[in-house]
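We name chains A, B, ... by the order of the sequence lines, and we start the count at 1 in each one. Values below: every heavy atom of this structure, side chains too, minus hydrogens, waters and symmetry copies.
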Protein chains: 2
Amino acid sequence: MRGVVKLCKVMPDGRQQIVGLQFAPDFVGRPFVRESMLSAQAATDAEICVFPRDLLDRMISETPKLQRSLLDQALKELDAAREWMLTLGRHTAEEKVASLLHLIATHAEPQTATTTSFDLPLSRAEIADFLGLTIETVSRQLTKLRKSGVIRIENFRHIIVPDMDELERMISA
Amino acid sequence: MRGVVKLCKVMPDGRQQIVGLQFAPDFVGRPFVRESMLSAQAATDAEICVFPRDLLDRMISETPKLQRSLLDQALKELDAAREWMLTLGRHTAEEKVASLLHLIATHAEPQTATTTSFDLPLSRAEIADFLGLTIETVSRQLTKLRKSGVIRIENFRHIIVPDMDELERMISA
DNA sequence: CGGAGCATTGACTTGTTTCAACCATAGTGG
DNA sequence: CCACTATGGTTGAAACAAGTCAATGCTCCG
């Protein structure tokens, strides 16, 4: 209902990858399945509406409409995941960081005109885990974007994008 | 029904990423949606069973069982996509190549004991696009795996894995 | 004040890419 | 039948982007 939830995968040796962010009205969880190889953590303060599993399973089985919207959500997430695969596989560090800022800007609060500002829901370490980079590289790319005037940074977490088109041009995808 | 289909995304500047491989009885396509930002190409000779879109849409709407299996397939693909995000983001080149071999080995023909052999459905260039690497790096990692005895290569495309456990150990995830 | 936690910056190293040469195979046409 | 080209793959050397290691800065908070 409010806040951001991150979906994580970890390797035995400790390397970690965030494989998805869930925003405001998204549904988190996997009906019909006992467990998955995924952990979900709140990235910010969040209000979550929880359903008991068997009740939910039953409701889904009985109402085709619900099942349909669940399918839609799954397909939306699938598209997002594949979009992100392109980012992880074929973007440079700079493009990756720009992509993340764009993702958050478009999914967070409603926008006003071309100028946008928002709070990062993630720490540098979490950003690194999302982008497949190190915190140092994330930090460097952020200052690079700042120095080139694409973004402004206030208090580490608050980002101001004077010109969204400029940011989108950094991604070019 | 037979063969391998690859799902591709391309960037305006030509960089390309393969975001999924579909094997034998998988369903390819997106019901209810006119178009998606994805192209599907046969990677090998393939036999495909095609349904007319409106017929399929209608059938799905009317049979909850079909809708359910479609949901299952979507969730399966979502898991696979996220698994691959971990590979793209946090694995080294060597681990990536090993992961691909493992993926193909486990999805291709049924297996015999620990020794496995199969034909690569992808060219070096396609492998590179799947793993987010260059063809040169792919080639180098393959020879590295060959020289270390984890795999044998016959005629460029045919791979023999003497010991599956050994291959899995290269991935460690 | 002083320590803990997070972020930034710098110097250096390394893995992967880039650029280029080369090899093998198959097909084509003189 | 043999050059000749096209295609796909391998290999080497140099360049570069990102990672590693280490020092420092900034805030919050007890």
Side-chain angles (χ1 to χ4, degrees), chain A residues 6 11 13-18 41 43-45 87-101 119-148 150-160 170-172, chain B residues 6 11 13-18 41 43-45 87-101 119-148 151-159 170-172:
Chain A
K6 55 180 176 145
M11 294 171 60
D13 62 8
R15 280 179 288 177
Q16 185 172 135
Q17 175 76 36
I18 296 182
Q41 296 173 41
T44 62
D45 286 349
T87 301
L88 286 174
R90 286 293 178 217
H91 283 197
T92 63
E94 184 173 27
E95 290 171 316
K96 285 182 181 180
V97 172
S99 297
L100 178 70
L101 294 179
D119 279 319
L120 279 178
L122 304 176
S123 70
R124 300 293 186 268
E126 290 169 318
I127 296 175
D129 281 338
F130 196 24
L131 298 173
L133 298 171
T134 58
I135 51 180
E136 292 94 332
T137 305
V138 171
S139 178
R140 278 187 253 267
Q141 297 303 330
L142 280 173
T143 59
K144 197 170 155 196
L145 286 173
R146 176 168 55 74
K147 283 182 179 165
S148 70
V150 180
I151 59 172
R152 281 177 27 227
I153 305 180
E154 280 173 9
N155 217 350
F156 299 121
R157 285 294 190 108
H158 192 74
I159 304 287
I160 298 165
M170 310 285 331
I171 305 172
S172 74
Chain B
K6 55 182 175 146
M11 294 170 61
D13 63 7
R15 279 178 288 177
Q16 187 172 133
Q17 175 76 37
I18 297 182
Q41 297 172 39
T44 62
D45 287 348
T87 301
L88 287 174
R90 286 294 179 215
H91 283 196
T92 64
E94 184 172 26
E95 290 171 316
K96 286 183 181 181
V97 171
S99 296
L100 178 70
L101 295 178
D119 279 317
L120 280 178
L122 304 176
S123 70
R124 299 292 187 269
E126 290 171 318
I127 295 175
D129 281 337
F130 196 24
L131 298 173
L133 299 171
T134 57
I135 52 178
E136 293 95 331
T137 307
V138 171
S139 179
R140 277 187 253 268
Q141 297 303 331
L142 279 173
T143 60
K144 198 169 154 196
L145 286 174
R146 178 169 53 75
K147 282 181 179 166
S148 70
I151 59 171
R152 282 176 28 225
I153 305 180
E154 279 173 10
N155 218 350
F156 299 120
R157 285 293 191 108
H158 192 74
I159 304 287
M170 310 287 327
I171 305 172
S172 74

Visitor: So which heavy atom on A/P121 is nearest to which on A/E126, and how close?
Guide: O-OE1, 4.1 Å

Visitor: Check this one for me: any side-chain N or O of A/T134 less than 4.0 Å away from OP1 or OP2 of D/dA18?
Guide: no

Visitor: Quick one: B/R146 CZ to D/dT11 C1', roughly how many Å, whole number?
Guide: 11 Å

Visitor: If you look at every heavy atom in B/L145 and B/M170, which pair is closest and at what distance?
Guide: CD2-CE, 4.2 Å

Visitor: How many Å lie between NZ on A/K147 and P on C/dT8, as a whole number?
Guide: 11 Å

Visitor: Taking atom C1' of D/dT20 as reference, at what distance in whole Å does atom CD1 of A/I135 sit?
Guide: 11 Å

Visitor: Determine yes or no for a side-chain-to-main-chain donor-acceptor pair under 3.5 angstrom, with B/S99 supplying the side chain and B/E95 the backbone.
Guide: yes

Visitor: Mark yes or no for whether B/R90, through its side chain, and A/Q17, through its backbone, hold a donor-acceptor pair below 3.5 Å.
Guide: no

Visitor: Using a cut-off of strictly less than 4.0 Å, decide whether A/S139 has a side-chain nitrogen or oxygen near OP1 or OP2 of C/dT8.
Guide: yes

Visitor: Contact class for B/S123 (heavy atom, under 4.0 Å): base, sugar-phosphate, or nothing?
Guide: sugar-phosphate

Visitor: Atom CD of B/E94 to atom P of C/dT14: distance rounded to whole Å?
Guide: 17 Å

Visitor: Figure out the CZ/C1' separation between A/R90 and D/dA17, and round it to whole Å.
Guide: 15 Å

Visitor: Would you indicate what A/L133 reaches in the nucleic acid, counting non-hydrogen atoms under 4.0 angstrom: base, sugar-phosphate, or nothing?
Guide: sugar-phosphate

Visitor: Applying salt bridge (Lys or Arg N to Asp or Glu O under 4.0 Å), which residue pairs with at least one partner in residues 131-145 of chain A are found, sequence neighbours left out?
Guide: A/E94-A/K144

Visitor: What is the distance, to the nearest angstrom, from the CG atom on A/L142 to the C1' atom on C/dT8?
Guide: 11 Å

Visitor: Heavy atoms only: give me the nearest A/F130-A/L100 pair and the separation to one decimal.
Guide: CD2-CD1, 3.3 Å

Visitor: Assign a letter to each nucleotide of nucleotides 19-27 of chain C from its 5' end: B, base within under 4.0 Å of a protein heavy atom; S, sugar-phosphate only; -, no contact.
Guide: B--------

Visitor: Return the minimal non-hydrogen interatomic distance between A/A93 and A/T137, and the atom names on each side.
Guide: CB-CG2, 3.8 Å

Visitor: Between A/E126 (CD) and C/dG5 (C1'), how many Å, whole number?
Guide: 14 Å

Visitor: Under 4.0 Å between a side-chain N/O of A/T143 and OP1 or OP2 of C/dT9, yes or no?
Guide: yes

Visitor: Can you tell me the distance, in whole Å, between the CD1 atom of A/I153 and the C1' atom of C/dT9?
Guide: 14 Å

